[in-house]
*Asks:* 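First, the structure itself, so that you have it in front of you.
Order of the sequence lines fixes the chain letters, A, B, ..., with proteins taken first and strands second; residue numbering starts at 1 for each chain. This structure is a prediction, so every number in the text was calculated from the model and none was measured.
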There are 2 protein chains.
Amino acid sequence: MSAPDRTVRAKGSTRHDHIVEDIRSLIVDGCWPPGSQIPVETELAERYGVSRMTMNKALGQLAREGFLVRRKKSGTQVAQPRAESAVVAIADIRDEVRNSGRAYRFHLLARRVRAAREEDALLLGSPPGRAEVLWLQGLHLADDHPFCLETRLINPEAAEGATGQDFGDLAPGAWLLEAVPWSVASHRVRAVNATAAEARLLALPVGEACLEIVRRTQAAGAWVTGVRLLYPGSEHQLVANFGPEAGDGPVRS
Amino acid sequence: MSAPDRTVRAKGSTRHDHIVEDIRSLIVDGCWPPGSQIPVETELAERYGVSRMTMNKALGQLAREGFLVRRKKSGTQVAQPRAESAVVAIADIRDEVRNSGRAYRFHLLARRVRAAREEDALLLGSPPGRAEVLWLQGLHLADDHPFCLETRLINPEAAEGATGQDFGDLAPGAWLLEAVPWSVASHRVRAVNATAAEARLLALPVGEACLEIVRRTQAAGAWVTGVRLLYPGSEHQLVANFGPEAGDGPVRS
DNA sequence: TAGTGGTCTAGACCACTCC
DNA sequence: GAGTGGTCTAGACCACTAG
């Protein structure tokens, strides 16, 4: 038979997706306990009535998800539970606010074009050169209540037109997405105590624990922007649901 | 030609991996700007000297990573930059300490078998039943210095043998990995101020900002364990490096 | 050395979508 | 309707590794 077998299948799912789900449930339900040997590709392919390559695709995906361990010659085993690691997703602020059913607004607090300083290294990731930077501070508001304090540096050379933008109520992050062709970034998440100035802006008691997210973005080798986001600890949390290895796709908070 | 072309290739990489890297760099370097149309599969396959399926695999991976957007009939385009979301990895505590070059040790502070209480709902994720729970508190130490305070509840019915374990210097998490066949978990990360008791145990000033990670683990429908990990904010951070969509694989802190 | 997974090919059919 | 991506197949070769 050359043509694929078009028998009824779970709606909207491909052959290998169906197989993946089937085998995953065998593992999760305990029918295939950890460490047990499972049949070789060729036998499973025959059993499911698919070609070996389709079965390989399914088993490969399960291995990437951490449910299976595959080794040549010794075959495929059900994986042992992994270390208790996980993956947490950081959502976009605007989406985050809107998903919680509140109205989103950005309010610019300050805007300056100035020479780079020593203290900027936190957001730049490298010792500051002699270049000029665009420095911004603003509040993300949820129902007009402080949700997140943003402090940002922008490299005017990499982000063309940035100095011409006033960012009055357009969040710099949103503008940059349009203006800069691509980005690779690094994140860092910490807990910090709010300083007096930060507490005032976020309407918090001084010293309140806050979640600090520092993100540095690059494009074509040059740094484009660095941002520090400060969330009140009580209002914000990162959430993830996951399977064994970190596979199943993190759920955004 | 039926056999694959075994000409020289970048060491340790497959054909489609090589193509993925090549096209990704074309995009990141700006040769293929966002929104631009790229050649159809068949032409790219010919250009790279591979079969259409191999090219499909490469383009599919780039699409999963968020670099490309593929639509039938209209073809494949370079993706526009996404929202500034990201994915952060939570590492296993022991690995985390060891990776920082310090000696790891677990020290049990308290251990109790008692009835479930209202306050346990945080770690159980559901209102407590009338069942008994195993309650533990211990410190993870890095070079004998407090690194993380762990508070844990274990369901003795789901984790057989738990009540017989004393956990004197074996972290409950490590033991559970061996004892319970599988787990699905949810995570929550917040910033909190250390209470007086927590501050004392972690050798911190009262009110110091801490990173709180709450993890609930289930197996076969029943809750197995819930744990609250408290890290001094100054000592701990979550780190991720990523491409556009959240693809490139988060790096553990 | 034999068995297993990893990868690749050429060809095919289908579903979707834009024209 | 025609072009594109999505998927599948049968067969093949290779690399690795356990016995």
*Asks:* Starting at atom CD1 of A:Ile19, determine the distance to atom P of D:dT7, rounded to an integer number of angstrom.
*Replies:*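 Atom CD1 in A:Ile19 sits about 13 Å away from atom P in D:dT7.
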
*Asks:* Rounded to the Å, how far apart are A:Tyr48 OH and D:dT9 C1'?
*Replies:*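 Taking OH of A:Tyr48 and C1' of D:dT9, I get 19 Å after rounding.
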
*Asks:* Look through every strand shown and name the nucleotide pairing with D:dC14 as Watson-Crick or G-U wobble, where both distances are under 3.5 Å.
*Replies:* C:dG5

*Asks:* Would you indicate, yes or no, if C:dT9 has its OP1 or OP2 atom less than 4.0 angstrom from a side-chain nitrogen or oxygen of B:Thr54?
*Replies:*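 Checking B:Thr54 against C:dT9: at least one side-chain N or O falls below 4.0 Å of OP1 or OP2.
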
*Asks:* When you check the gap from the basic side-chain N to the acidic O, do B:Glu41 and B:Arg70 get nearer than 4.0 Å?
*Replies:*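 Yes.
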
*Asks:* Of the options B:His107, B:Glu150, B:Glu96, which is the one that meets B:His140 in a side chain to side chain donor-acceptor pair (under 3.5 Å)?
*Replies:*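 The passing option is B:Glu150.
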
*Asks:* Below 4.0 angstrom, N of the basic side chain to O of the carboxylate: do B:Arg105 and B:Asp144 qualify?
*Replies:*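 The answer is yes: the pair qualifies as a salt bridge.
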
*Asks:* Starting at the 5' end of DNA chain C and moving along, which residue's nearest nucleotide shows up first, A:Leu59 or B:His16?
*Replies:* A:Leu59

*Asks:* Taking atom P of C:dC19 as reference, at what distance in whole Å does atom NZ of B:Lys72 sit?
*Replies:*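 In whole Å, C:dC19 P and B:Lys72 NZ are 17 Å from each other.
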
*Asks:* For A:Leu62 and C:dG6, give me the distance from atom CG to atom P, rounded to whole Å.
*Replies:* 12 Å

*Asks:* Within less than 4.0 Å of OP1 or OP2 of D:dT4, is there a side-chain N or O belonging to B:Ser74?
*Replies:*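 No.
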
*Asks:* Write down the distance between CD (A:Glu43) and P (C:dG5), rounded to a whole number of angstrom.
*Replies:* 11 Å

*Asks:* Please report the distance, rounded to the nearest Å, between NZ in A:Lys73 and C1' in C:dT4.
*Replies:*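 Atom-to-atom, A:Lys73 to C:dT4, this comes out as 8 Å.
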
*Asks:* Rounded to the Å, how far apart are B:Gln61 CD and C:dC8 P?
*Replies:* 11 Å

*Asks:* Quick one: does B:Thr54's side chain get under 4.5 Å of B:Thr14's, heavy atoms only?
*Replies:*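 The answer is no, as the side chains (C-beta and beyond) never meet within the 4.5 Å cut-off.
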
*Asks:* Would you indicate what B:Thr76 reaches in the nucleic acid, counting non-hydrogen atoms under 4.0 angstrom: base, sugar-phosphate, or nothing?
*Replies:* sugar-phosphate

*Asks:* Please state how far atom CE in A:Met55 lies from atom P in C:dT7, giving the value in whole angstrom units.
*Replies:* 17 Å

*Asks:* If you check the B:Glu41 side chain, which of D:dG5, C:dG5, C:dA10 turns out closest?
*Replies:*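 Looking only at heavy atoms from C-beta outward on B:Glu41, the closest nucleotide is D:dG5.
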
*Asks:* Could you tell me the separation between the CG atom of A:Leu229 and the CG atom of A:Leu211, rounded to the nearest 0.5 Å?
*Replies:*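 Atom-to-atom, A:Leu229:CG and A:Leu211:CG are 10.0 Å apart.
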
*Asks:* Under 4.0 Å: is that the gap between some side-chain N or O of A:Arg70 and OP1 or OP2 of C:dG6?
*Replies:* yes

*Asks:* Picking from C:dG6, D:dT4, D:dC8, which would you name as closest to the side chain of B:Met53?
*Replies:*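 Taking heavy atoms from C-beta onward, the closest nucleotide is D:dC8.
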
*Asks:* What's B:Arg52 touching, base or sugar-phosphate or nothing? Going by heavy atoms closer than 4.0 Å.
*Replies:* base

*Asks:* Is the phosphate of C:dT9 approached by B:Arg15 (side-chain N or O, under 4.0 Å from OP1 or OP2)?
*Replies:*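 Answer is yes, contact under 4.0 Å.
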
*Asks:* Which residue lies toward the 5' end of DNA chain C, A:Gly75 or A:Asn56, if each is placed at its nearest nucleotide?
*Replies:*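 Here A:Gly75 is the residue nearer the 5' end.
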
